[in-house]
Amino acid sequence: MNFGLNEEQLELQEMVREFVAKEITPFAGEMDETNNAMPGLFEKAAEMGLLNVVVPEEYGGMGLDSITVAMIYEELGKGCAGIATSIAANSLATAPVLIAGTDEQKQMYCDILNKGGLAAFALTEPGAGSDAGSVATRAVKNKEDGTYTLNGTKAFITNAGVADVFLVFANTRESGGIRGLTAFIVPKDTPGFKVGKKENKMGIRPSNTCELILQDVVIPESNRVGREGEGFRIAMKTLDSARPFVGAVSVGIAQAALDCAVQYAKERKQFGQPIASFQMIQGMIADMAMKVEAARLLVYKTCWMRDQGVDFSKEAAIAKCYAADIAMEVTTDAVQVMGGYGYSREYPVEKMMRDAKIMQIYEGTNQIQRLVIANKILY
Ligand code: COS
């Protein structure tokens, strides 16, 4: 067993740290205020090769192992969880194609990411969140030419307003249900495919989150990923593979909040001494550090399992759930350590606390993660 990163990983970590320190952290507050990423940021991230980290080398990507990807997302999460979310959404939206796509689909989809494009994973709908099987978007097969016509509305889609390509789930059965769920590649300029209202979110504000409206969107059969009715399995496997990365971003948020709290506790004087010398503060710092360390180990172990090709569904849920929960706890405690200053927008920890909240909600709520874990253990 080896808990260390190798030389290549350490080098990459340093490069990403420099990128985050130069291009993300200094602008995190401004991006939070404006609800937008800095202009040109994703282009710079693409130049660094951060948008196609999961694209296999044979399709022109970075082809990184999961631990290295988690390490990168943790660093991005330290700088801004919103930007980390946008970038990690590329991995989420690429997984279905890598899991079930044909060679041609993989090449076509990966080429978009290799050129610096962003992708979006469109599963959630106004009426289909935790109950992913109840997707109401319909895909009707046209008998004459084999194309599909898609109609419906998607909600809370990360990157919707900025993505070049979308992975859309629709139901091919009139009766609905998981047996009809089917995945489709939808390029952004497809007629009838529109970006709807942009969400005004509590946190991860620089990540673009919008509604999607599909009105008689015609998709060739060659853009169907997997078989008709295979979409639910593809979606579940995709979420399994993406959840450790949500864990990694959560670890990044928690580590950054801990670092802020530590620095503040050493500088802030009350009763004539730094508050770091008070045992109640020390206890909080120690608890925060234990949680961050444990979450990171869970994330990395799950990534290791993923790369071994063994079933990691339970571990993915554990890592995501635990890391998200502790990100919420640690950021809340960081605000507490920093008192009134922690609560002020002049300091970064209140943003981290707002950012952490979504980690417990998206890519499967932590209640759903607990269901998955319990089911895996009990049945
Ligand atoms: N990998 C592969 N297949 C899976 C799977 C997985 N991780 N999980 C479930 N399946 C398969 C099952 O094997 C089953 O197939 P069969 O019917 O052929 O046996 C099928 O999918 C249905 O499984 P199950 O009965 O467990 O599904 P449920 O409807 O009970 O739903 C939950 C399961 C709740 C776990 C699922 O709906 C879920 O993960 N919801 C959260 C969705 C989510 O994360 N949304 C976030 C939005 S995307 S960012």
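Counting from 1, the numbers follow the sequence of the chain as shown. For ligands, and for the atoms within them, numbers begin at 1 and follow the listed sequence.
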Tabulation required: pairs of a nitrogen or oxygen in ligand 1 and a protein nitrogen or oxygen under 3.5 Å; columns are atom names and distance to 0.1 Å; otherwise 'none'.
from, atom 1, to, atom 2, distance (Å)
ligand 1, 7 (N), Asp240, OD2, 2.7
ligand 1, 17 (O), Arg179, NH1, 3.4
ligand 1, 17 (O), Arg179, NH2, 2.6
ligand 1, 18 (O), Arg179, NH1, 3.4
ligand 1, 37 (O), Ser130, O, 3.4
ligand 1, 40 (N), Ser130, O, 2.8
ligand 1, 44 (O), Arg243, NH2, 3.0
ligand 1, 44 (O), Gly364, N, 3.1

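Between Tyr264 and Tyr341, the angle of the ring planes lies from 30° to 60°, which puts this pair in the tilted group.
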Could you give the side-chain donor-acceptor pairs of residues 41-59 under 3.5 Å, partners two or more places apart or in another chain?
from, atom 1, to, atom 2, distance (Å)
Lys44, NZ, Glu23, OE1, 3.2
Asn52, ND2, Asn114, OD1, 2.8
Tyr59, OH, Asp103, OD1, 2.6

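Under a 4.5 Å side-chain heavy-atom cut-off, the cluster of Ile, Leu, Val, Met, Phe, Trp and Tyr residues that includes Leu214 is completed by Tyr148, Leu150, Ile157, Phe166, Val168, Phe184, Val186, Phe193, Val195, Leu212, Val217, Ile219.
In this structure, the separation between CD1 on Ile368 and SG on Cys321 is 11.0 Å, given to the nearest 0.5 Å.
Ring centroid separation for the pair Phe169 and Phe121 comes in under the 6.0 Å cut-off.
Applying the salt bridge (charged side-chain N to carboxylate O under 4.0 Å, His left out) rule to pairs touching residues 157-179 yields Asp164-Lys188, sequence neighbours excluded.
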